[in-house]
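One structure is given here, and the rest of the page talks about it.
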Amino acid sequence: MNYAGVAVNSPGSRSTFCYAIPPGLNINVGQAVWVPFGSRVVQGIVLQLSDEPAVEETKEIAGIITDFPPLSPMQMKLAQWISEHYFAPPFDALSLMLPPGFERRAITCFQLVAPDLIGGQADSPLTSEQRQVLHIMKGKMKTSLPELEKAVGKRKARQITDELLDRQLITETLELEPARIKPKTVPYIKLTADREEIEAAKACLNKSRAHKQAELLESLTGQTQPISISELRKRLRCSPATIKALESHHLVSVERLRVRRDPLAHLDFTPSAPPVLTSSQQAAWELIQDVIVSRGEQLDKPPVFLLFGVTGSGKTEIYLRALAKVIGAGKKGICLIPEIALTQQTVERFASRFPGRVAVLHSGLSQGEQFDERQWIMEGNCDIVIGPRSALFAPLPGLGLIIIDEEHEWTYKQEDKSPRYHGRDVAIKLAQLSGAVVILGSATPDIGSFHKAQQGEYQLVELKERITPRGYSPLPEVTVVDLREELKAGNTSLLSRSLLAAMKETLAQGEQIILFLNRRGTATFVRCRSCGFVFRCPRCSIALTYHSVEKRLICHRCRYSTPASPSCPRCFQRHLRLLGIGTQRVEEEVKHFFPEARLLRWDRDVITRRYGHDELLKSFRDHKADVLVGTQMVAKGLDLPQVTLAGVINADTSLNFPDFRSGERTFQLLCQVAGRAGRGVKAGRVIIQTYSPDNYIIEAAAKHDYPGFYYKEIDYRRRYDYPPFSQLVRLVYSHANEESCRREADKVYRLILDERTRNDRIDLNVIGPMPAFAFRARGRYRWQLFLRGPDSSRVLSQLALPRGWTIDVDPVGMV
Ligand code: ADP
Ligand code: ZN
């Protein structure tokens, strides 16, 4: 094979590039190589080999980065699928799986050919500049181009080195820039002398009153393994000088050994045995277990179970069973969770069932920890990897099971950068490639997933009851409060009379309350009551949010912030009014009505430190507070047994979002909040406040009626041809100039219409062009188009979109 198709590490290059393989270079698929790209040399991964070039003129591969392919053949296949399905540059897809720190630049370096004879042998005299460069290089193994650039200027450095290369006075090589992530090593000590020598030395040392040294030798006697010096010094309080002295007598040796930076090192696990399954769990387990055991070969479609059960119905117990079974058969599993915030609870539960066999991978870990964790996984030291969507790309050998907990969560979709993949779909592809089984778990399945289960594509497995310390228990009673009635009765507080009464009762009983709100800050926006002026972000144009603690207006998109002014900048009146509500305002109202209640607020403004989530959650679980006020995050999968009242401040905030999925989203959030209450010994209750009490979504959520919601929702999707009855693709263009942005959007709109006509694709619907919901983001305007149809992404494979467009296949939202 003389040619290689290479995915290059250069932003936005959508295709692979063909390079010639220079003679003598042994190139394999999956290998990491250096390739010339434009005027630079960049990293690339070889995707395929061929005898014939794909284009007329090819450049040569410049060198090999690693002899070992960094990715397995299966990872290569998965990356290829991601790249094709989501129209992502191949290198973007590959880099999901590359080890942290892999992406490095190449640095050009020079070496003197004959270090002793600088210029002396040249046939024509050297210029003073050439002599200067040679002088800099003198006495060094190699000198980097940036070093020379610093000394003689950027352009000059390249020019002079080219001249010197021509005269064969220097040679040029490519080197990797230094690694940022390195294995961690710590010093270890061990005995090097034999027993007799040690005994003799001890006697000698004691005689000369070197008791510390003798003591150290004594403690090392009988140790076969090296022990870490920090541990030793904790035990013995010996000084570095003592160790040095023994080392100089060749009695001990000190060497640095590699250690794993273990992200779970600070946790203690009490091993726990599996409980006896309840009859409902047993029935579910019987459906799943046979399939798990009989697996092993690749099928066209991997078996996918949709485990549908309310919060607390024992789904996690089924996951643990399934993992035990898979591990028993010599295989391994991945468990995806929607939020890093929830890792600790899950990890604690999994690690106490499988002590020492659980690895975690997420972006909250240091790069070093991620590096070590991957190494540990790759060497086969663990059976289970837990993490958010990116944990799918762990280098886990022998994958047998993928679990996706809370499968309906939007966080499984990567939206903000390429590749814009959905963890669920990638998991199913990975399962197909590796012969694994998939279990999707949810109390409120994604409409698309439930539809697939209805069609028989997934197997539906149901857990009908909640398990609590009281045994099976009904779901909490839900009351819907009509906020319009509150206004009529003159109550302008955020807390309705029913909610206030329930809170009072709960606090009197010494029980806990969660108040849930879908927004941050104290006000959604600030408007002048005289002239209607609204404070907006000068960069993003979305309304700014008032934060009462900082007394600032903050953009929740780009974090622009400005001090809150007391008067309107347009009409100069002091009639500013805070509209909308936020967690801080709820907090203030609770303080007003219940000054003695202990309050905690949980949102992204509070949680910034690394273990912030866990600490906050723990202090609430330990009952250090009575009321927890929070956003989305409080709704997700938390086990808080002392909570007996959950209140939704305003169910309408997400209901009125201009998106076809807003109903689904609202239903999921309401059910999750409702699932928070009454998980402990006492029954719970839930109060939902709303301005639209007869909306079918709120009615269904109040009755915990998923099927009731599903059948209405799927009708609506069918009627308007939304997913799962069509495929959506979102195309976004952004530009600093509003007019150019709109023109470009129009141009591509017509391009797609032409393509549609050419291919006779009447089933393809083009929505837009229209400004994106956050019309300006980070100082740039954004326009968007949607394709909707049975197979809408196909049209894109025939169409070369101009540069600057981003493609989002199967977007989770339209705003
Ligand atoms: P889910 O994952 O559906 O929210 P969990 O698996 O967390 O449900 O179960 C809810 C609670 O019931 C947990 O406290 C769990 O320890 C307990 N539980 C689950 N299965 C059993 C069982 N078979 N016997 C006793 N307790 C159980
Ligand atoms: Zn902004």
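Given the structure is predicted, the values throughout are model-derived calculations rather than measurements. Both ligands and their constituent atoms are indexed starting at 1 by order of listing. All values below come from the heavy atoms of this structure, side chains included, with hydrogens, waters and symmetry mates left out. Residue numbers count from 1 along this sequence.
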State whether R685 and E477 are salt-bridged, where the test is any N-O pair (Lys NZ or Arg NE/NH1/NH2 against Asp/Glu carboxylate O) under 4.0 Å. no
Do any nitrogen or oxygen atoms of P275 lie less than 3.5 angstrom from nitrogen or oxygen atoms of ligand 1? no
At a 4.0 Å cut-off, with the gap strictly under it, does some heavy atom of V310 reach an atom of ligand 1? yes
Between T690 and D482, is the side-chain contact (heavy atoms from CB on, under 4.5 Å) condition met? List the steps. CA-CA 5 Å; T690 173; D482 187 344; over 6 Å; no
Any atoms of ligand 1 less than 4.0 Å from a non-hydrogen atom of T278? List them with their elements. 23 (N)
Compute the shortest N/O to N/O distance between V276 and ligand 1 and return yes if it is under 3.5 Å, no if not. yes
The option among R349, K315, E317 carrying the non-hydrogen atom nearest to atom 7 (O) of ligand 1 is R349
Within the 4.0 Å heavy-atom shell around G314, which atoms of ligand 1 are there? 1 (P), 3 (O), 5 (P), 6 (O), 8 (O), 9 (O)
Is G312 close enough to touch ligand 1? Criterion: a residue heavy atom under 4.0 Å from a ligand atom. yes
Looking at K413 and D808, is there a salt bridge between them, counting it only when a charged N and a carboxylate O are closer than 4.0 Å? yes
Which class fits the ring pair Y716 and Y722: parallel under 30°, tilted 30 to 60°, perpendicular over 60°? tilted
Electrostatic pair R717-E713, nearest N-O below 4.0 angstrom: yes
Atoms in ligand 1 flagged as close to L277, the criterion being non-hydrogen separation under 4.0 Å: 23 (N)
Is any side-chain heavy atom of F305 closer than 4.5 Å to a side-chain heavy atom of L440? no
